[in-house]
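So the structure is just underneath, and the comments pick up after that.
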Amino acid sequence: MASKTIKSILFAAIAMSATLLGPVPVLAQNTNTTIQEGRVNINRTIQYGDSNDNATYQTGKININRTIQIGGNNWNQTGQFGKVNNNRTHQSQ
């Protein structure tokens with residue numbers, strides 16, 4: 001019987017500690033791969049996390065890509081093959 005009481009007290013202590021400590025930050029990893037093959041291709045990607053990876057491939061007459069990455073580790077690869085190509089990337093911590 002004492003074993004059940006100790007387990008109950010331990011469980012209650014752990015549950016209470018978790019409540020008092022509040023949320024624990026979680027490492028967020030965002031990965032995005034976009035392939036667009038059309039006459040007009042428009043892509044907008046926003047990534048917010050510890051690790052952000054974006055790859056965009058556009059083949060068309062008009063290609064527009066906007067990428068915003070906020071985090072500690074940002075990677076962006078963009079390939080645009082068309083008559084009008086517009087790419088804007090913003091990366092910050």
Checklist entry - Are Phe81 and Val84 connected, step by step, through hydrophobic side chains (Ile, Leu, Val, Met, Phe, Trp, Tyr) whose heavy atoms are closer than 4.5 Å? => result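 In one cluster with Phe81: Val84, no.
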
Measure the [atom1]-[atom2] distance between [X] and [Y] for me, rounded to the nearest 0.5 Å.
X: Asn54; Y: Asn30; atom1: CG; atom2: CG; result: 10.0 Å
X: Thr59; Y: Asn85; atom1: OG1; atom2: CG; result: 9.0 Å
X: Gln29; Y: Asp50; atom1: CD; atom2: CG; result: 9.5 Å
X: Gln36; Y: Gln58; atom1: CD; atom2: CD; result: 4.5 Å

Checklist entry - What pair of heavy atoms forms the shortest contact from Gln77 to Asp53, and how long is it? => result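 Heavy atoms of Gln77 and Asp53 come nearest at OE1-OD1, 3.6 Å.
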
Item to check | Contacts of Gln91 that satisfy side-chain contact (heavy atoms from CB on, under 4.5 Å) - sequence neighbours left out | outcome: Gln69, Asn74, Asn76, Thr89

Checklist entry - Got more than 12 heavy atoms from elsewhere within 6.0 Å of CD1, Ile35? => result no

Next on the checklist: If the test is side chain to side chain donor-acceptor pair (under 3.5 Å), which one of Asn43, Asn65, Asn63 qualifies with Asn87?
Outcome noted: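 One option only clears the test, and that one is Asn65.
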
Item to check | Any Arg66 side-chain heavy atom under 4.5 Å of Asn86 side chain | outcome: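 They are in contact (side-chain heavy atoms under 4.5 Å apart), so the answer is yes.
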
Next on the checklist: Do Asn32 and Thr34 pair up side chain to side chain, a donor and an acceptor below 3.5 Å, judged on atom types alone?
Outcome noted: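 Per modelled atom types, Asn32 and Thr34 side chains form a pair under 3.5 Å.
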
Item to check | Listed partners of Tyr48 passing ring-ring contact (aromatic ring centres under 6.0 Å, His included), at least two apart | outcome: none

